[in-house]
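Here's the structure, in C-alpha cells; my notes come after.
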2 protein chains.
Amino acid sequence: MRQPLHLRISAELAAKIRSGEWPPGYRIPFEHELTARYGCARATVSKAVEALAAAGLVDRRRRAGSFVAQPHVEAAILEIADIQAEVEARGQAYGYELLSRRLRPPRAEGDEGRLKAQGPALQLICRHRANGRPFTVEERVINLAAAPSAETADFAATAPGAWLLAHVAWSEAEHRIAALGADPVLAGLLAVAPGHACLRLTRWTWRGGEGITAMRQTFPGEAYNLVARFTPAAFGSDGTKTTI
Amino acid sequence: MRQPLHLRISAELAAKIRSGEWPPGYRIPFEHELTARYGCARATVSKAVEALAAAGLVDRRRRAGSFVAQPHVEAAILEIADIQAEVEARGQAYGYELLSRRLRPPRAEGDEGRLKAQGPALQLICRHRANGRPFTVEERVINLAAAPSAETADFAATAPGAWLLAHVAWSEAEHRIAALGADPVLAGLLAVAPGHACLRLTRWTWRGGEGITAMRQTFPGEAYNLVARFTPAAFGSDGTKTTI
DNA sequence: GACTAAAATATGTCTAGACATATTATCCAG
DNA sequence: CTGGATAATATGTCTAGACATATTTTAGTC
C-alpha cells in the first residue's frame, strides 16, 4: 500500500474535474459505481469524495449525487509569515529595534476598541529592517489582562509578534489590508517621502471573546507584496494532498 | 441523532484547546480513551480527531498520540468577492463601463508573462463605480487560446470577471496585493491626485498549466480594505463546522 | 391539473472488527 | 555505555455490513 486507495481515488477524480473533462454541474459517479470500479468498500470511496467536497471541488446532495462545483474565486489563502523569517527568506539581513514602550490606561476607542479590552494595555512601537533599510513599522497594543507576563518581557530583545506566539494562545484573528499615504511621522520612520504609498496590515487577535493584541504594520509600498495562492483542489496531480 | 457524534466530539475537543485548558503541546486523549469515554467505535473518534488535524488544531503522530498544535498565524482566508456584489453589499449603486478593448498579438513579458500564454490575447480596461464615483480600474488580459469565446463576448455589457466565471473553468489562482502611488493616467481614471496611495490587487488564473487570464484592479486607498479572517479551529463552539 | 402520500435511493453516520505502518521504549549484546 | 534488534502501541487504512436522513420520483387522490 504505497499510496492509500482513498487518496488515489481523490486524485483521479480531481484530475477529471480540473482537466475540464467533468465540467461544473457534471454528476460524478455514484459511490456504488466507484465502489464497483475500484473494487473497494463504500466507506473508502465515500472518504475520497468527501475530501473533494471539503476542498470545494464537488457539492454532495443526498439522493441526487455529487456534482462538480461551479468554480469561484471566493477565498484565497493569505500567508502572513513572521517578519524575520520573511526578510531572511529573501536573503537579507534582519534588524529589529524597539522605538517606544509605555503602559497605557484602558481605553476602547478607535481600531483598538475592537479588542474590547477592559484593563490597562502595553503599547509598543518598533521597527523591522531588511539590509539596514526600514522594512516595516509595527504599532502594537497588548492587553495586559490577557497576557500579564508581557509587562516584564524584554521587547527590546524580542519582537512582540515572536514573543506573543511563544507565550499566548489565541483563537481568532482578523486582518485588514489597506493602502495609505505616509503621514510625516511615519514617513520619517520608514525613510520615505510624506505621502508615499504604503501598505498597511492590521491584525486583531482574540482568545475566546477576549482581545489579546492589536497590531498595525506599515510597509513602504514597494517593499512588500502580500501573496495569496488559491487552488480549488486540495489534491495535486500526483495524488499528494496539499495543505489548505 | 440531532447532531452527529463525531461533530460533537470535535467540538468538545476544540473547546478544550481553544479555552487553553489543553495548551499547545498537550497530548489529547488516545483514540481508545475517547472510544471508552464516548462509548462509540474507534472510527468515529478517529474521524473527529482527524478533522481537528485537518483544521490545524492538533498534530497526530503514530505511536505517540495527538498533540495540541502550536498556534501560528501562518495563513488567513482572504475573501475576494465579486466587485458588483461587494459594492451592492455596501448599499451603494454599482456602475460598470468598458474603457478599452483590443486584440493583442502574443507576448510574454512582464506580469502577464506568468500566464505563459502562446497565442493572441484580448486586452480590456474597464472601470467599476460605486455611487457614481470610481471604485476600481480593472486591466485584464484574456488568453484567447484558453477562452476562444471571449472574442465575441460583449464586455461592454458584462464585466469580464463575471463573464469568465460563468464561461471558463479554472484550477489555480494567485493574488498579489501591493500599495502604489497613482501615475497620472491612473489618477485620472480614479479621479484622485497623482501620487495618491492606491491598493493594487493582481490575480493570475490558470487551468492545469495553461494561463487563462491576468487581472489587475487598482483601488483608491481609502475606498477599499481587504479583510481576511482566520480561526485556527474549523469548529464553532456550537459544534457547527465553519468553512475554511 | 394540482396536491399529497408513499416508495426509491444516494449520501450521512456508525459499528466491530482486521491488518498495515510508523515510532517509541525496551532489552540485549558488544 | 552504546548500538542495534525486538516488542509494544497509536494512528492509518480498510472491510462489510447496518440504519438514518434528505430528496426525488412515482403513484394516487381530490
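Remember, predicted model here, so these are calculated numbers, not experimental data. Quick note on labels: first sequence line is chain A, next is B, and so on, each numbered from 1. All values below come from the heavy atoms of this structure, side chains included, with hydrogens, waters and symmetry mates left out.
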Toward the 5' end of DNA chain C, which comes first, A/Ala64 or A/Ser46, by nearest nucleotide?
A/Ala64
Under the salt bridge (charged side-chain N to carboxylate O under 4.0 Å, His left out) rule, collect the residues that match up with [X], sequence neighbours excluded.
X: A/Arg61; result: none
X: A/Glu151; result: none
X: A/Glu12; result: A/Arg8

The answer to which of A/Gly39 and B/Ile28 contacts DNA chain D further toward the 5' end, by nearest nucleotide, is B/Ile28
[X] side chain near [N] phosphate (N/O to OP1/OP2, under 4.0 Å):
X: A/Ser66; N: C/dA10; value: no
X: B/Thr44; N: C/dT13; value: no
X: A/Arg61; N: D/dA22; value: no

Residues passing the side chain to side chain donor-acceptor pair (under 3.5 Å) test with A/Ser46, sequence neighbours excluded, are A/Glu31
Listed partners of B/Arg140 passing side chain to side chain donor-acceptor pair (under 3.5 Å), at least two apart
B/Glu138, B/Thr213
[X] has an atom [atom1]; how far is it from atom [atom2] of [N], in whole Å?
X: B/Leu7; N: C/dT13; atom1: CG; atom2: C1'; value: 10 Å
X: B/Lys47; N: C/dT13; atom1: NZ; atom2: C1'; value: 7 Å
X: B/Asp59; N: D/dT11; atom1: CG; atom2: P; value: 13 Å
X: B/Tyr38; N: C/dC14; atom1: OH; atom2: C1'; value: 16 Å
X: A/Arg8; N: D/dC14; atom1: CZ; atom2: C1'; value: 14 Å
X: A/His32; N: D/dT15; atom1: NE2; atom2: P; value: 17 Å
X: B/Gln3; N: C/dG12; atom1: CD; atom2: C1'; value: 13 Å
X: B/Glu50; N: D/dA10; atom1: CD; atom2: C1'; value: 14 Å

Of all the nucleotides listed ([options]), which has the minimum atom distance to the side chain of [X]?
X: A/Phe30; options: D/dT11, C/dT11, C/dA16; value: C/dT11
X: A/Arg60; options: C/dC14, D/dA10, C/dT11; value: C/dT11
X: B/Arg62; options: C/dT15, C/dT21, C/dT13; value: C/dT21

Check: A/Arg42 side chain, C/dT13 base, donor-acceptor under 3.5 Å
yes
Think B/Arg90 forms a cation-pi with B/Tyr94, using NZ or CZ under 6.0 Å from the six-ring centre and within 45 degrees of its axis?
no
Pairs: protein N or O with nucleotides 6-8 of chain D N or O, under 3.5 Å:
from	atom 1	to	atom 2	distance (Å)
D/dA8	N3	B/Arg63	NH1	3.0

B/Arg129 and B/Glu97 ion-paired at < 4.0 Å:
yes
